Amino acid sequence: MGLVMGEKLSSVDLLAGAGLGRRLPKADNRRADGTIIREDGMRIVFELTATASASFDNKVRRWAELIAARPLETSGLTVVFIAAPTRTVPPTQLPTRGT
């Protein structure tokens with residue numbers, strides 16, 4: 001792995017606009033939760049979500065539109081969505097080893 005960047009350096013403009021020497025069709029102040037940059041230059045954006053809600057569907061749609069406009073072959077950009085639901089069982093009720 002070459003580099004991991006946090007949200008501050010994972011803006012849509014840096015990933016698909018000015019960062020590629022291009023302009024975005026319209027201003028977009030979105031940021032990914034983070035980006036992994038491989039040694040070969042491929043950029044893997046990751047988005048964390050706790051729930052699959054309507055806002056999550058909208059987030060997926062907007063990233064899909066961006067990927068369609070800036071395909072992997074010309075941008076080196078791909079997006080991974082990570083579902084990380086919150087724990088609903090109190091830690092005291094979780095099974096432990098041996099039980």
Side-chain angles (χ1 to χ4, degrees):
M1 183 176 344
L3 177 69
V4 177
M5 300 186 311
E7 184 176 357
K8 186 173 184 176
L9 296 174
S10 296
S11 70
V12 168
D13 185 50
L14 287 174
L15 294 167
L20 293 176
R22 298 180 175 180
R23 288 185 161 198
L24 293 172
K26 61 181 181 174
D28 191 334
N29 62 358
R30 274 183 304 149
R31 297 177 182 274
D33 292 316
T35 304
I36 299 168
I37 302 178
R38 296 188 338 185
E39 290 179 1
D40 64 2
M42 183 174 180
R43 294 162 308 141
I44 304 166
V45 169
F46 58 91
E47 286 280 9
L48 296 170
T49 185
T51 61
S53 63
S55 64
F56 175 70
D57 291 346
N58 187 44
K59 185 183 286 192
V60 170
R61 181 188 52 76
R62 291 181 69 196
W63 279 110
E65 289 170 353
L66 183 67
I67 294 291
R70 302 282 197 266
L72 176 64
E73 298 80 15
T74 60
S75 70
L77 180 66
T78 192
V79 181
V80 175
F81 294 93
I82 302 166
T86 57
R87 188 183 325 189
T88 57
V89 177
T92 56
Q93 293 179 7
L94 291 174
T96 60
R97 278 202 266 201
T99 58

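Worth saying up front: this structure is predicted, and the values here are computed from it rather than measured.
The 12-atom threshold is exceeded at CZ of R61, counting heavy atoms of other residues, nucleotides or ligands nearer than 6.0 Å. With a 6.0 Å radius and a threshold of 12 heavy atoms from other residues, nucleotides or ligands, N29 has its CG atom at or below the threshold.
A donor-acceptor pair is defined here as one N or O able to donate and one able to accept, closer than 3.5 Å; such a pair exists between the side chain of R43 and the backbone of S75.
Nearest approach of D33 to L48, heavy atoms of both residues: OD2-N, 2.6 Å. Here the shortest heavy-atom pairing between K8 and R31 reads O-NH1, 2.5 Å. Of all heavy-atom pairs spanning V45 and A32, the tightest one is CG1-CB, 3.1 Å. Contact detail for I67 and L77: the closest heavy-atom pair is CD1-O, 3.6 Å. Heavy-atom minimum distance, M5 versus S10: O-OG, 3.7 Å.
Within the 4.5 Å cutoff, the side chain of K59 has no heavy atoms near those of the T49 side chain. With a 4.5 Å cut-off on side-chain heavy atoms, W63 and R30 count as touching. Counting only heavy atoms from C-beta outward, the side chains of L9 and T35 never approach each other to under 4.5 Å.
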Inset, instruction - Determine, step by step, whether R62 and V12 satisfy the side-chain contact (heavy atoms from CB on, under 4.5 Å) criterion, reporting the C-alpha distance in whole Å, the side-chain angles of both residues, the deciding distance to 0.1 Å, and the verdict. - result: CA-CA 11 Å; R62 291 181 69 196; V12 168; over 6 Å; no
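In this structure, OG1 in T78 is found 5.0 Å from CE in M42, a value given to the nearest 0.5 Å. A distance of 11.0 Å separates CD in E39 from CG in L3, rounded to the nearest 0.5 Å.
Note: the hydrophobic cluster containing I36 does not contain L15 (ILVMFWY, side chain heavy atoms under 4.5 Å, direct or indirect links). V79 is not connected to L14 by any chain of hydrophobic side-chain contacts under 4.5 Å among Ile, Leu, Val, Met, Phe, Trp and Tyr, and they are in different clusters.
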